[in-house]
Amino acid sequence: MEVFYAIMFFILGAVLASFYCVIATRLPEGKSIVKPGSHCTSCNHKLKWFELIPIISYIFLRGKCRYCHKKIPFYEFVCEIVTGTLFCISYLYFGFSYNFYVSLILISLLMIIFISDFQYMIILDSPLVISAIAIFLLKGFYLGWDIAFISVRDGIFMFLLMLAIGYFGSKAFKREALGGGDIKLSFIIGLTLTFPYCLMALILSTFLALPYATFSLLSNSSHEVPYGPFLISALCIVFFYLDKFSYIINLF
Ligand SMILES: [Zn+2]
């Protein structure tokens, strides 16, 4: 049964990933996510059912549109495999539990933010709002409402902390230091991890972002570096390895 569920969650992840790609690329351009249905963005040919099977269709079509032979973005294929794999690992790691359901939300957010922030430098509001509400409700039902409200307090703490960092950062560097999306995402970090783990995630995110930021500032002219992907990655890592991080915290 374990193997059956593991496979089912891999498929679920891959299917949802195609939807997340649609969300992350259509919403920043102000397009609807339901209409029109899936189509080739180059020749507008409507995709048939066999062109819509995650992962398999990409391999079958050799990564190209059947009509105009325009390349299908490779990241969509990667996103489907990664989401499926992470859903599957989460199930094997957590089983049916509070941690599992929250990890599905975090992985979904991870995928959407990676695509929208790297492509458009945007972190969409609607996935953040839906995730925050879902995590709050899961906490309330599984861990108790007192804990859920303490988590909201820690979310607000993180939000205000990042707001302050952003404010003083832009004064110091004379340009926007943190995007509004990064600040809103920090609320979810506080809400999910609570104190002091949310601060560990923040510290970890700067370490994750540093090599990329250094590389991109040295190699190209644009000085805009998306921070959202590193924030959400750090949140996922701390959430998955909470016991390891609690060991570090207990050392102090
Ligand atoms: Zn086409």
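By convention here, the first residue in the shown sequence is residue 1. In each ligand, atom 1 is the first atom listed, and ligand 1 is the first ligand listed.
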Open item on the list: I'd like to know: is the Zn ion (ligand 1) within the 2.8 Å range of an N/O/S atom from Cys43, strictly under that distance?
Closed with: yes
Open item on the list: Distance check below 2.8 Å: does His69 bring an N, O or S atom to the Zn ion (ligand 1)?
Closed with: no
TODO: Would you please test Leu235 and Ile232 for side chain to side chain contact (heavy atoms under 4.5 Å, CB included) and show each step?
DONE: CA-CA 5 Å; Leu235 166 56; Ile232 184 72; 3.9 Å; yes
Open item on the list: Just verifying a value: how many Å separate Ile122 CD1 and Glu29 CD, rounded to the nearest 0.5 Å?
Closed with: 9.0 Å
Task: Close aromatic pair by centroid cut-off 6.0 Å: Phe9 and Phe100 - done: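 So the answer is yes for these two rings.
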- [ ] Using the ring pair (Phe, Tyr, Trp, His ring centres under 6.0 Å) rule, take Phe159 and Phe187 through it: C-alpha gap first, then chi angles, then the decisive distance, then the call.
- [x] CA-CA 5 Å; Phe159 180 87; Phe187 173 82; 7.2 Å; no
- [ ] Calculate the angle formed at the Zn ion (ligand 1) by SG in Cys65 and SG in Cys68; 10° precision is enough.
- [x] 110°
